[in-house]
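Structure record follows, encoded as structure tokens.
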Amino acid sequence: MDSSNRNDSYNPQQIETKWQTYWSSNSLYEVNDDDSKPKWYELTMYPYPSGDLHIGHWYAMAPSDAHARFMRMRGFNVLHPMGFDAFGLPAENAAITRGIHPKKWTLDNIENMKRQLKSMGPIYDWNREVVTCLPEYYKWNQWIFLQFFKNGLAYRDKATVNWCPELNTVLANEQVIDGKDERTGAEVIHTEMTQWFFRITKYADELLDHSHIDWPEKIKNMQDNWVGRSKGVEVTFDISHYGLNQSELKTFTTRIDTLFGVTFIAIAPESPVLDGLVQESNQEEVLSYIESSRRKTEVERLSTEKDKTGVFTGSYAVNRVNGARIPIWVADYVLKSYGTGVVMGVPAHDERDFIFAKQYGLDINFVVAPSDKDERNLEEAYIEKGGIQINSGRFSNLNNNDAYEKIADYLEEKGWGSRTYSYKMRDWLISRQRYWGTPIPILYCEKCGVVPVKEEDLPVLLPDDAIFRSTGESPLKHQIDFLECECWKCGGVAKRETDTMDTFVDSSWYQFRFVSPNYTKGIFDKKLLNEWGSVDQYTGGAEHAVMHLLYARFFTKAMRDIGLLKLDEPFIRLFNQGHILSEGEKMSKSRGNVVSPDDYVSTIGADAVRCYLMFIGPWDQGGSWNDTGAKGMFRWLNRVWEISIRKPRGFATHSDEKDTILVRLVHQIIKRVGNDLEKFKFNTAIAALMELTNGLYANIDQEITEDSWSFAIESLLLLLSPMAPHITEELWERNGKKGSIHNQRFPDFDPMLVIEETITLVVQVNGRVRDKISVANNLGKDQAIELSKNSMKIQQYIQGKEVMKIIHIPNKLVNIVINN
RNA sequence: CGGGAUAUAGUCCAAUUGGCAGAGGCGUUUGAUUCAAAAUCAAAAGGUUGUGGGUUCGACUCCCACUAUCCCGACCA
């Protein structure tokens, strides 16, 4: 090799700018809707425009871009779009603390992030960009809201809500973790408000059906747990003797087999069924208990997890199956919103009921025993199933599982109860008391009441001249020109809804907007949506398992039932990447360890950053950014550069064994890289390419034919191009190839040329390796054993010994088992 | 407390699914190059596969128990 000439050395900045400009001006990545190739829709969760693209964004986007490029080279018409999740609180906080309008703040951020995104060299077609805070987009949020409203999927209700005092807004259940706002960590307060909901519970059962999606088990489990379907029985207890409107108390239980063990009823403090049940003498105590539990924040309730409190109402219900008179209590371990808000207390067979009963000296009656004899002490509840039924009247002595069914049958016969399901999931509360979101298109008319905005009046625009208050209170409440309007029904005075929508509404259907992002005649072009269909491959963080991913599935099903589309699922395949750390630690400004991609793009180049992120380890396991590791990747790309533009000293005129071996290596690598990329195993794909580079370097002074050498270099570039699009494009050109490398087919391997001529056969004696012999590939069993036995080394071990058996694994080993 | 993931060379990670523990990167050492260093090229060293048991001719791989780390969900009757 001759010494390096300055102009010929790898200069990432120069070529990356060159090719990004070229691709853009030649519209290389513009997506053609009419392409006849099979479609492939690959989507990465779009980012919130926080202002700066950090390495975590790259970690999410670079590998999916590489995979989309791979599919493109495999002959698919690939849609791999990008947009911005542009509504949300940070923009509003910027307005409050720095006086910048959320719109300006957001759009400026988007501009900067787009510049950064482009520096990554992705195949995003920017003509298809979606920005959710623009009226062209959120108009359709409002339109969908109206369709949901028309179809009974959006409704207004008074409910106990999670109020975040920090943000001055309510939160969805999904946004509350351990009684705290998942974003700010502020303690959430429960309060009554009238709010808008989407009826996601209507789809609870269908959301449990995963037969049409190929998702990680973990995510499916999380969604199942969130929906939380429990099979059980709704059973009633008689309170007709009080002469109230309600003659019975309805409870839900998953353990109807323990019905004979009920020793108290517990009702949630907020429950309306308490009305009339509190006796005069208990009134004061009960009221003060209700008041005190209302004042408790969620955090306080959880902090006293172990002890259960409650007060007696003074009333009794009758357990119809045995006529038992059961005291009715109020207890705040009972949740109003789950089941019926009333629990049948069976201390003997439920841990919580047990603690409660112990606390207040209530009876504990065992009705299920592990064996015929009841020898248990009363130290804890017996919660196992499958024992023998005892103390249960006519159901005694049955197997516990049979008793469950028999008791359920009996109750249904008598009309005292029925089998049913209960769900943890509640309807989705979408109202937010904030400015920077989609206005809910509703009017409140003094005469007509709740009036949806007419479709032709959409969008309801956010006023640009809003005045932001330091309290965070929504400016819309004080924006007279927004607030006051005319009712289109009666012409009277009406007020606009001032709440805006949860931003998860935006991301619940953005995947469908990408197929026709500039369409103005409807929410999307139905013809194009039919063609592109569901997202074939979705990638993003697992933290969205029960919010975004569940909401998007709900939207798809709801939109299908309204007749807007014909799909059952939004995302067919899902892959969750792991988290990128910085030298083993979480990245944060306070730690001062934030890795800024821009810095590395300007030194080692985008290709090295992309490849390094993919090389760290398995994508779903995340990894740790390491500067020397990243430099190592840059070093390797230099090696790729060198080997691709230098030529060996000379070429052979005839192919010999070295030549064959090199060609075989190339075919093997093609096979491995293709397989790896299919499975998102970028780390091993790149390792294989490093092996190929090493193989080429080892041959640089050998006499290889020109054809074989060119084939090897060409393959290396093609295989690497999805990961490192710039350097490969440049080297493709420098090798005199026509057209963009990114419009080439991904190489195919020849199955015949992958096969090794000789293999190493391991010979074991009693499972220990005693020799390795080189034999022809696909050697027959008898020959393999014969050769093994003839080995000098093996002879030493087996001579004079009785051979018990011989195990032969073709092309792998021969194990001779002898009797010692 | 429950569910899931992970544990292999100093380090990040491979291992065709039960068959030689090693592909690749980083680091280390040595050699070439250099006046010297960096860069580059070449080579080498490095192991009780977290622990204990079981199955098997054979276990990193399968089964059981445990430990450590990480993620998620936790009063759902």
Side-chain angles (χ1 to χ4, degrees), chain A residues 1 3-4 177-178 216-219 221-222 224-226 228-230 232 251-255 258 266 268 301-302 304-306 308 331-335 337-346 349-353 355-356 422-426 542-543 545-546 576 578-579 581 584 611-612 615-618 620-624 626-633 635-636 638-639 642 669 671-672 675 681 683-694 697-698 700 760-772 804-818:
Chain A
M1 286 206 225
S3 71
S4 113
I177 310 286
D178 282 342
E217 286 304 316
K218 188 180 133 190
I219 303 293
N221 275 338
M222 283 166 81
D224 286 353
N225 291 339
W226 187 262
R229 181 166 75 175
S230 306
T251 78
F252 173 81
T253 180
T254 55
R255 293 293 306 273
T258 64
R301 279 207 192 183
L302 289 169
T304 56
E305 194 183 324
K306 283 287 176 271
K308 311 267 175 259
D332 68 4
Y333 79 90
V334 181
L335 307 172
S337 48
Y338 184 77
T340 62
V342 181
V343 163
M344 59 175 228
V346 188
H349 303 290
D350 182 279
E351 281 179 87
R352 294 150 304 179
D353 296 345
I355 293 165
F356 189 76
S422 187
Y423 300 85
K424 280 200 268 185
M425 185 173 67
R426 323 279 155 73
E543 63 273 20
V546 290
N576 296 114
H579 292 283
L581 306 171
C611 289
Y612 176 60
F615 186 65
I616 290 177
D620 54 350
Q621 279 176 37
S624 196
N626 175 277
D627 270 0
T628 53
K631 262 193 194 149
M633 185 53 67
R635 190 149 50 183
W636 176 63
N638 272 289
R639 278 165 71 78
E642 287 297 323
I669 298 293
K671 183 181 179 182
R672 281 164 59 188
N675 287 341
K681 290 167 75 176
N683 55 330
T684 47
I686 291 173
L689 291 172
M690 287 172 169
E691 232 177 293
L692 177 55
T693 334
N694 292 345
Y697 270 87
I700 194 131
T760 305
L761 189 71
V762 174
V763 186
Q764 298 181 334
V765 177
N766 283 355
R768 305 204 134 182
V769 181
R770 297 304 186 190
D771 198 9
K772 297 168 190 179
M804 306 292 286
K805 67 171 155 176
I806 297 176
I807 289 127
H808 173 244
I809 308 293
N811 288 342
K812 289 275 191 299
L813 63 62
V814 168
N815 185 12
I816 302 169
V817 184
I818 56 170

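In what follows, chains carry the letters A, B, and so on, assigned in the order in which the sequence lines appear, proteins first and then strands, with residues in each chain numbered from 1.
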Which nucleotide, in any strand shown, forms a Watson-Crick or G-U wobble pair with [N], with both distances under 3.5 Å?
{"N": "B:U28", "value": "B:A44"}
{"N": "B:A65", "value": "B:U51"}
{"N": "B:U56", "value": "none"}
{"N": "B:A39", "value": "none"}

Write down the protein N/O and nucleotide N/O pairs, taken from nucleotides 17-23 of chain B, whose separation is under 3.5 Å; answer none if there are no such pairs.
| residue | atom | partner | partner atom | Å |
| --- | --- | --- | --- | --- |
| B:G19 | N2 | A:Q764 | OE1 | 3.0 |
| B:C20 | O2 | A:K772 | NZ | 2.5 |
| B:A23 | O2' | A:E691 | OE1 | 2.1 |
| B:A23 | O2' | A:E691 | OE2 | 3.4 |

To the nearest Å, give me how far apart [atom1] ([X]) and [atom2] ([N]) are.
{"X": "A:N221", "N": "B:C71", "atom1": "CG", "atom2": "C1'", "result": "14 Å"}
{"X": "A:R639", "N": "B:A42", "atom1": "CZ", "atom2": "C1'", "result": "10 Å"}
{"X": "A:D224", "N": "B:C72", "atom1": "CG", "atom2": "C1'", "result": "14 Å"}
{"X": "A:M690", "N": "B:C12", "atom1": "CE", "atom2": "P", "result": "17 Å"}
{"X": "A:L581", "N": "B:U69", "atom1": "CG", "atom2": "C1'", "result": "13 Å"}
{"X": "A:D620", "N": "B:G4", "atom1": "CG", "atom2": "P", "result": "17 Å"}
{"X": "A:H579", "N": "B:C71", "atom1": "NE2", "atom2": "P", "result": "8 Å"}
{"X": "A:D353", "N": "B:C75", "atom1": "CG", "atom2": "P", "result": "15 Å"}

Among B:A42, B:A77, B:C12, the nucleotide that comes nearest once only the side chain of A:Y697 is considered |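 Per side-chain heavy atoms of A:Y697, the pick is B:A42.
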Taking all non-hydrogen atoms of both residues, which atom of A:I669 and which atom of A:A688 are closest, and how far apart?
->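 What the structure gives for the nearest pair is CD1-O, 3.3 Å.
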Integer angstrom distance from the [atom1] of [N] to that of [M]:
{"N": "B:U30", "M": "B:G46", "atom1": "P", "value": "16 Å"}
{"N": "B:A5", "M": "B:G10", "atom1": "P", "value": "28 Å"}
{"N": "B:A74", "M": "B:G3", "atom1": "P", "value": "16 Å"}
{"N": "B:A23", "M": "B:A32", "atom1": "P", "value": "27 Å"}
{"N": "B:U55", "M": "B:C63", "atom1": "P", "value": "16 Å"}

For RNA chain B, whose closest nucleotide is more 5', that of A:G629 or that of A:M222?
->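 Its nucleotide being nearer the 5' end, the pick is A:G629.
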Pick the nucleotide of RNA chain B nearest each of A:K218 and A:R255; which residue has the one closer to the 5' end?
->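 Here A:K218 is the residue nearer the 5' end.
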Pick base, sugar-phosphate or nothing for A:R768, based on heavy-atom distances below 4.0 Å to the nucleic acid.
-> nothing
